[in-house]
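Structure first, then comments.
Quick note on labels: first sequence line is chain A, next is B, and so on, each numbered from 1. As the structure is a computational prediction, the values presented were derived from the model and not from experiment.
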There are 2 protein chains.
Amino acid sequence: MDYASGSPVDERVLEDMKPYFSEHFGNPSSFHSYGFKALEAIKNARMRVGGLIEALPEEIVFTSGATEANNLALIGAAARYKNRGSRIVISSIEHISILNVCKELSRQGFEIKYAPVDKDGILDLDALTELVDDKTMLVSVMTANGEIGTIQPIKKAAEIAHDKKALFHTDATVAAGKIPLDVNESDVDLMTLSSNDLYGPKGMGALYVRRGIRLKPIIIGGGQEGGMRSGTENVPGIVGMGKAAELAKVEMRSEADRLTKLRDRLINGVLDSVPESYLNGHPIQRLPNNANIRFSYIEGESLLLSLDELGVQLSSGSACAAKTLEPSHVLIALGLKHEEAHGSLVFTLGKYNTGEQIDYVIQQMPGVVKRLRAVSPLTPKELM
Amino acid sequence: MDYASGSPVDERVLEDMKPYFSEHFGNPSSFHSYGFKALEAIKNARMRVGGLIEALPEEIVFTSGATEANNLALIGAAARYKNRGSRIVISSIEHISILNVCKELSRQGFEIKYAPVDKDGILDLDALTELVDDKTMLVSVMTANGEIGTIQPIKKAAEIAHDKKALFHTDATVAAGKIPLDVNESDVDLMTLSSNDLYGPKGMGALYVRRGIRLKPIIIGGGQEGGMRSGTENVPGIVGMGKAAELAKVEMRSEADRLTKLRDRLINGVLDSVPESYLNGHPIQRLPNNANIRFSYIEGESLLLSLDELGVQLSSGSACAAKTLEPSHVLIALGLKHEEAHGSLVFTLGKYNTGEQIDYVIQQMPGVVKRLRAVSPLTPKELM
């Protein structure tokens, strides 16, 4: 139940990728049949990835992952559009790659402003309106948050950005394939996508770049990907991401319904059976596969290890930020205390989770929590 | 015979990768058994890649390919070590990613100097010594050139760099796995490696970073790869590159012997049977798998298409630079004229090439060349 950290590649995706490892191994820039075959495969994948978000194929720039796409979006736009202004506005609960890129851009002279969220993690649109001024170059608000699952009003955020002639970027890493996305309907200029979050291979991502927008590349070389991302194309990876996007488009609706039911069964079951457990994030406006539950008087990492022994894998926050050892900045932004953030678990469900697994977790959780609370000096007597 | 543009993944490599797509799909930053399994796999791969070049595992930084590694080496060093000086010296026949990164660094205020090569493509060490001065921050000379195969005296080049306290980087993309490499013996500070050139998967590369050297990352985020390269690790890709490096280490010597024989048979056969054909690059000091042959009065691209129809795939230069439509800067640096550069073909042999294939090419080449020369207005009558 830790799909947001890492997802298995769908077997149908792997089947599509396989011929491109050892058989159709051409370089798409090569001027012969092996090259043409690779080029054709990439064109097809570009169409499929575009199709998932209603973009044109030529608006898709393939990258080595969502982190690179986020870097390209912000650093690439900052270099090209600095004449529009020196302010960048992001939400306070963005992914660590957006936060750290903004720290770097701040060292380069950009002024970074953080739009707050409410106690459920929903972006404060009034605050955003106040922060976005005439010298704002770019606004970046994630489509949904990977830790608390909260879905953001990105169409309204894009409108606020565009009212001041700022570009609008959204990190749709965890939202794509879970909820419908339409770059035109939402009027997004730049959108980050991750392959693995669509059950495609790791090491692959894409940035949607609206036609007419030019970004300065962060990886320079042979001018692949329309000059925005150099390096020999990862053909099997691109083919895999394309297939994953196609499957997501077809299967998203029914899978989202299934996951929503499992998610609610999990949330209700755990909150009912474990005393002093609480849901983090918005109760309804959240991803179909996300539950984030806070357990008082518990340290998240010991809970993770105990559950792992029982065969249940979870996360205590974003795996991407695991190296910091800090409490989740997302939960802190909701107004939680450090110890509350440390005692929270992220459940991200996926296509191979079943109702039986949910029931198993609901059944195991009270005992595990009780045992860990029993050894904590902070636990009140009545919970022992 | 275009292995330098794209190579098939070795079946043993693919076998090692497979479990990491859909079974061991954890995120190495995750705090549970799936994460630990992925972390272990990466550690193992890091050891294997290090082993190929006599580096420590912790000196290997995985990237999305050689182009990214070249970018990280030069841009990352330029940002950290600019206090050492503003000059960067590279050879005039570096890969397009090095050349274009240097153009960008030149816009940022660095002074780029190009060390010339002789008519066979060997670096002019006297010229290098003159160009590397006290304010030189970095010297970058490729281990071997992908188009003409010439192997450079990188140990001497590193010495010249270090005499002036400059860092030394070498792009070993096409050399690794073909000739023995030892970062300590050559006293290299930074070395670029490509996975696909080792029969590993595309979309993977690595940068060797000598212990004690710190580079500013070009992709910022969760701080993976020792803070030098963020983004969730491409676990199957890393595992594949590790296996490819291990196989290369074991099989390099015998395979190099085999390829050298095939290469010489090809060179002698073509030069003997096709009038006015010449070898580009050094006759001996060249990669075991590279032949670069110039055909007078011929346009390379029509030759490529004619040979492709006969089932022979070649290149007219670096596939990475195919988008430029310019004649190869490498051949121009050797002193060739534009039309000579355009009439040159790159043969890069690999592990699935056979003696029969070489003989087939030798047999077909005279007829193909003759037909194309017959329709060229430049061809002298006696060659018709």
Side-chain angles (χ1 to χ4, degrees), chain A residues 2 5-11 14 21-23 25-27 29-35 38 64-68 70-71 95-97 100-101 104 196 201-204 218-224 230-237 301 304-305 308 313-316 319-324, chain B residues 2 5-11 14 21-23 25-27 29-35 38 64-68 70-71 95-97 100-101 104 196 201-204 218-224 230-237 301 304-305 308 313-316 319-324:
Chain A
D2 189 20
S5 296
S7 293
V9 175
D10 187 298
E11 288 298 339
L14 193 55
F21 286 109
S22 309
E23 188 184 343
F25 55 82
N27 183 322
S29 297
S30 287
F31 201 63
H32 53 60
S33 46
Y34 282 67
S64 70
T67 287
E68 187 195 328
N70 278 341
N71 274 254
H95 184 258
I96 190 169
S97 57
N100 283 345
V101 164
E104 167 61 23
N196 192 228
K202 287 187 175 65
M204 270 308 303
I218 57 174
I219 301 180
I220 305 168
Q224 288 89 344
S230 288
T232 297
E233 296 87 342
N234 176 359
V235 183
E301 302 227 318
L304 288 188
L305 290 181
D308 189 33
Q313 285 75 38
L314 298 175
S315 174
S316 61
C320 307
K323 289 185 202 328
T324 65
Chain B
D2 189 20
S5 296
S7 293
V9 175
D10 187 297
E11 288 297 339
L14 193 55
F21 286 109
S22 309
E23 188 185 344
F25 56 82
N27 183 322
S29 297
S30 286
F31 201 64
H32 54 60
S33 46
Y34 280 68
S64 70
T67 287
E68 187 195 326
N70 278 340
N71 275 253
H95 184 257
I96 189 169
S97 58
N100 283 345
V101 164
E104 168 61 23
N196 192 228
K202 287 187 175 66
M204 270 307 304
I218 56 173
I219 300 180
I220 305 167
Q224 288 90 344
S230 289
T232 297
E233 296 87 343
N234 176 358
V235 184
E301 301 227 317
L304 288 188
L305 289 182
D308 188 33
Q313 285 75 38
L314 298 175
S315 174
S316 61
C320 307
K323 289 185 200 332
T324 67

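Residue with the most contacts toward chain B among A/Ala66, A/Pro236, A/Gly203, A/Pro201: A/Gly203 (heavy-atom pairs, distance under 4.5 Å). By number of non-hydrogen pairs under 4.5 angstrom with chain B, the leading residue of A/Val9, A/Val101, A/Asn100 is A/Val9.
B/Lys202 places no side-chain N or O within 3.5 Å of a backbone atom of A/Gly237 that could act as its donor or acceptor partner. With B/Ser22 contributing its side chain and A/Pro8 its backbone, the two residues share no donor-acceptor pair below 3.5 Å. With hydrogens and angles disregarded, a donor-acceptor distance shorter than 3.5 Å links the side chain of A/Asp308 to the backbone of B/Ser33.
Only the side chain of B/Leu14 comes within contact range of chain A, judged by heavy atoms closer than 4.5 Å. Contact of B/Gln313 with chain A is made through backbone and side chain together, with heavy-atom distances under 4.5 Å. For B/Asn71, the part lying under 4.5 angstrom from a heavy atom of chain A is the side chain only. For B/Ser7, the part lying under 4.5 angstrom from a heavy atom of chain A is the backbone only.
Atom CG of residue A/Asn27 and atom OG of residue B/Ser315 lie 8.5 Å apart, to the nearest 0.5 angstrom. Between B/Ile219 atom CD1 and A/Ile218 atom CD1 the span is 5.0 Å, to the nearest 0.5 Å.
Residues A/Ser30 and B/Asp2 approach most closely at OG-OD2, 3.4 Å, considering heavy atoms. Scanning both residues, B/Ser97 and A/Ile220, for their nearest heavy atoms gives CB-O, 3.6 Å.
Enclosure of atom CZ in A/Phe21 by more than 12 non-hydrogen atoms of other residues, nucleotides or ligands within 6.0 angstrom is indicated.
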